[in-house]
Number of protein chains: 2
Amino acid sequence: MNIQEAAEASGLTVDTIRYYEKSGMLPPVPRDGRGWRRFDAGALEWLRNLGRLRATGMPMAEMRRFAVLVHTADPAEATAAADRLEILLAHRQRLACRRAELDAAETYLTHKIAVYSGKETS
Amino acid sequence: MNIQEAAEASGLTVDTIRYYEKSGMLPPVPRDGRGWRRFDAGALEWLRNLGRLRATGMPMAEMRRFAVLVHTADPAEATAAADRLEILLAHRQRLACRRAELDAAETYLTHKIAVYSGKETS
DNA sequence: TGCTTGACCTGGAGCGGCTCCAGCTTGTTA
DNA sequence: TAACAAGCTGGAGCCGCTCCAGGTCAAGCA
């Protein structure tokens, strides 16, 4: 599977995939004789995973930490799994804060809209 | 009122205020004999306004459009007010989309956390 | 009288997370 | 044999700041 197909299958763009590789969020991507990247099913699954994590707004530094834990740790090792869990929990916490900010923003906007609609003064 | 005081009173940073001026989101800021910016009550109020709009995640281009409408339009003119209202409505729409994304992200994260906690497989 | 301190000024670099582009190689097709 | 497509790399550009270097100016102090 070449990079274009991987992009289509993962929902990332070609540029983003190359950027993720450069940034150390992908395990080493094997190349064919021409120097083209070749993605197998495992690599694709990881790209999808990254896409989903990114969609949650996880910062790159954390995605990188997560990637390293996933790809270098012994699968049977408990600490790595605990570390990954911790990253996810911290991130969910952050999302909760973002939700609170979003709520406040909507409240303010709605108030402001009421003012501009002439339904309220001040 | 100097820039430092304006920063404290508006909740923006000194750098952000200068940046906003450079970016055309402030009406011309008068200077004293030394070339220092002087902020009056009206200018401060506008800084606070910008801070609140920014907190809603409004993009700069739109804040700039808004700023221009606020500071160049005849206060009695209805079209400018309608334009401003339109910007706010469009922005609230965007926030609604963001909320949907946030919901999806939280759902995914919570699922993933369950997996890592061993409460669920796959 | 100079010397330091501190607040301000400007222009420009750096950040995250991409996105796009120029200029190159390599393989296929007409 | 030439054109075209798909990939490659390195580097610039985007937003919304943030930080920094290097400069000016006024006040306070020896």
Determine whether B:Lys112 and B:Tyr116 satisfy the following criterion, side-chain hydrogen bond (donor to acceptor under 3.5 Å, both in side chains), listing intermediate values before the conclusion. CA-CA 6 Å; B:Lys112 192 124 183 159; B:Tyr116 272 101; 5.2 Å; no
Could you check how far CD1 of B:Ile3 sits from P of C:dA7, rounded to whole Å? 13 Å
Looking at B:Asn2, I'd like to know whether one of its side-chain N or O atoms comes within less than 4.0 Å of OP1 or OP2 on C:dC8. yes
Rounding to an integer number of Å, can you tell me how far B:Leu12 CG sits from D:dC17 C1'? 11 Å
Just the rounded figure in Å: distance from P of C:dT28 to CG of A:Asp32. 11 Å
Please check this pair: side chain of B:His71 against backbone of B:Ala67, looking for a donor-acceptor N/O pair closer than 3.5 Å. yes
Under the side chain to side chain donor-acceptor pair (under 3.5 Å) rule, what pairs show up with a residue in residues 95-106 of chain A, not counting sequence neighbours? A:Arg99-B:Asp103, A:Arg99-B:Glu106, A:Asp103-B:Arg99, A:Glu106-B:Arg99
Heavy atoms within less than 4.0 Å of DNA chain C: which residues of residues 34-50 of chain B have one? Give them sorted by number. B:Gly35, B:Trp36, B:Arg37
Hey, does the side chain of A:Arg64 reach the backbone of A:Ser23 with a donor-acceptor pair shorter than 3.5 angstrom? yes
Protein-nucleotides 16-20 of chain C N/O pairs under 3.5 Å:
unit_1	atom_1	unit_2	atom_2	d
C:dG17	OP1	A:Met60	N	3.0
C:dG17	OP2	A:Met60	N	2.9
C:dC18	OP1	A:Arg54	NH1	3.0
C:dC18	OP2	A:Tyr20	OH	2.6
C:dT19	OP2	A:Thr16	OG1	3.2

Strictly distance-based, threshold 3.5 Å: is any side-chain N or O of A:Trp46 a donor or acceptor partner for the main-chain N or O of A:Met25? yes
When rounded to whole Å, the CZ to P distance for the pair A:Arg18 and D:dT9 reads 7 Å
Please check this pair: side chain of B:Thr16 against backbone of B:Leu12, looking for a donor-acceptor N/O pair closer than 3.5 Å. no
In the structure I gave you, are the side-chain heavy atoms of B:Arg54 and B:Met63 within less than 4.5 Å of one another anywhere? yes
Determine whether B:Val70 and B:Asn49 satisfy the following criterion, side-chain contact (heavy atoms from CB on, under 4.5 Å), listing intermediate values before the conclusion. CA-CA 11 Å; B:Val70 168; B:Asn49 233 316; over 6 Å; no
Taking only side-chain nitrogens and oxygens of B:Arg31, does any of them come within less than 4.0 Å of OP1 or OP2 of C:dT10? yes
